[in-house]
**Student:** 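Would you mind keeping the following structure in view while I ask a few things?
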Amino acid sequence: MELKDEERLTPFINRLKDLYARMDRSYQEVADRYGFHCQGCEESCCRTTFYHHTWVEYLYLKAGVQELSREVREDLLLSAQKVSAQTGTGLFCPLNQDGKCMLYAYRPMICRLHGIAHELRRPDGSVHYGPGCAAFEAAAGETAYIPFDRSGFYWELSRLEREVRAALGNYDRIKMTVSQMVETMLNKEPSTGSFHR
């Protein structure tokens with residue numbers, strides 16, 4: 001990406017940062033009410049395969065990757081290739097270092113919102129309720145559901161994504177795990193995953 005593209009995208013990235021900050025606050029408020037404080041666990045969400053579909057999050061994560069030292073980027077690429085090559089689950093996300101995300105401030109939306117019980121309002125008006133992770137369920141116990149509606153965050157990210165694609169003139173779709181994104185960010189072909197029209 002050229003410098004002029006980066007400058008053009010700055011307002012969008014700033015809006016993403018603001019959206020992430022609001023996600024984090026909303027999540028923390030509800031988690032606090034449940035008394036849930038993630039400390040990491042064996043069933044870590046960092047072992048879950050999540051696909052990411054937005055260029056704006058890809059570009060923001062790439063900015064974080066580019067801030068890492070050359071040595072760390074080389075190690076990260078090896079980890080990403082190892083995770084991408086493995087079938088099934090078990091390996092940590094390549095950004096997980098000693099139980100913590102090395103690019104925590106840059107982590108995508110699903111990494112921010114995963115863990116607690118939630119709801120999503122679909123375009124057809126139906127509502128989908130999702131459970132929390134096993135650690136959340138154990139901490140929450142018999143606590144009644146505390147509303148945590150992710151819908152507005154998804155809709156806002158979707159609007160932002162459409163604007164970024166229009167600004168870039170890029171309408172290719174993306175479907176990649178963090179490992180696959182890291183591979184492309186470090187100028188290597190991903191093992192799987194895709195950019196496609």
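Computation of the quantities below employed the complete heavy-atom set of this structure, encompassing side-chain atoms and omitting hydrogens, waters and symmetry-equivalent molecules. Note that the structure is predicted; figures quoted are calculated from it, not measured.
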**Student:** Is there a donor-acceptor contact under 3.5 Å from the side chain of Ser26 to the main chain of Arg22?
**Tutor:** yes
**Student:** Is there side-chain contact between Met109 and Tyr154, with heavy atoms separated by less than 4.5 Å?
**Tutor:** yes
**Student:** Keeping Gln28 on the side-chain end and Arg25 on the backbone end, is there a donor-acceptor pair under 3.5 Å?
**Tutor:** no
**Student:** Taking side chain as C-beta onward, heavy atoms only, is Arg165 less than 4.5 Å from Arg173?
**Tutor:** yes
**Student:** Quick one: does Trp155's side chain have a donor or acceptor within less than 3.5 Å of a partner on Arg150's backbone?
**Tutor:** no
**Student:** Looking at Arg121 and Ser151, would you say the former's side chain and the latter's main chain have a donor-acceptor pair under 3.5 Å?
**Tutor:** no
**Student:** Looking only at heavy atoms, which two atoms of Tyr34 and Ala117 are closest? And how far apart?
**Tutor:** OH-CB, 4.3 Å
**Student:** Give, for atom CD of Glu119 and atom CZ of Phe148, the distance between the pair rounded to the nearest 0.5 Å.
**Tutor:** 9.5 Å
**Student:** State the CG-CG distance between Asp18 and Leu160, to the nearest 0.5 angstrom.
**Tutor:** 10.5 Å
**Student:** Is any side-chain heavy atom of Val182 closer than 4.5 Å to one of Lys62?
**Tutor:** no
**Student:** Are Glu163 and Arg15 within salt-bridge range, i.e. N to O under 4.0 Å?
**Tutor:** yes
**Student:** Between Glu161 and Trp55 (side chain of the first, backbone of the second, donor and acceptor by atom type, cut-off under 3.5 Å), is there such a pair?
**Tutor:** yes
**Student:** Are the side chain of Ser84 and the backbone N or O of Gln81 linked by a donor-acceptor pair below 3.5 Å?
**Tutor:** no
**Student:** Has the side chain of Tyr58 got a donor or acceptor atom that lies under 3.5 Å from a matching backbone atom of His53?
**Tutor:** no
**Student:** For the residue pair His114 and Phe50, does the interplanar ring angle fall in the parallel (under 30°), tilted (30 to 60°) or perpendicular (over 60°) class?
**Tutor:** perpendicular
**Student:** According to a 4.5 Å side-chain heavy-atom criterion applied to Ile, Leu, Val, Met, Phe, Trp and Tyr, with indirect links allowed, do Leu120 and Tyr27 form part of one hydrophobic cluster?
**Tutor:** yes
**Student:** Would you mind listing every salt bridge (Lys or Arg N to Asp or Glu O under 4.0 Å) that reaches into residues 96-114, with sequence neighbours excluded?
**Tutor:** Asp24-Arg107, Asp24-Arg112
**Student:** Do Arg122 side-chain atoms and His128 backbone N/O form a donor-acceptor pair below 3.5 Å?
**Tutor:** no
**Student:** Are any of the side-chain heavy atoms of His52 and Ile174 separated by less than 4.5 Å?
**Tutor:** no
**Student:** Could you tell me the separation between the CG atom of Leu157 and the CE atom of Met23, rounded to the nearest 0.5 Å?
**Tutor:** 5.5 Å
**Student:** Would Glu67 and Tyr106 count as having a side-chain donor-acceptor pair, cut-off 3.5 Å?
**Tutor:** yes
**Student:** Quick one, Gln86 and Lys82 - any side-chain contact, counting heavy atoms below 4.5 Å?
**Tutor:** no
**Student:** To the nearest 0.5 angstrom, please state how far the OG1 atom of Thr143 sits from the CZ atom of Phe36.
**Tutor:** 12.5 Å
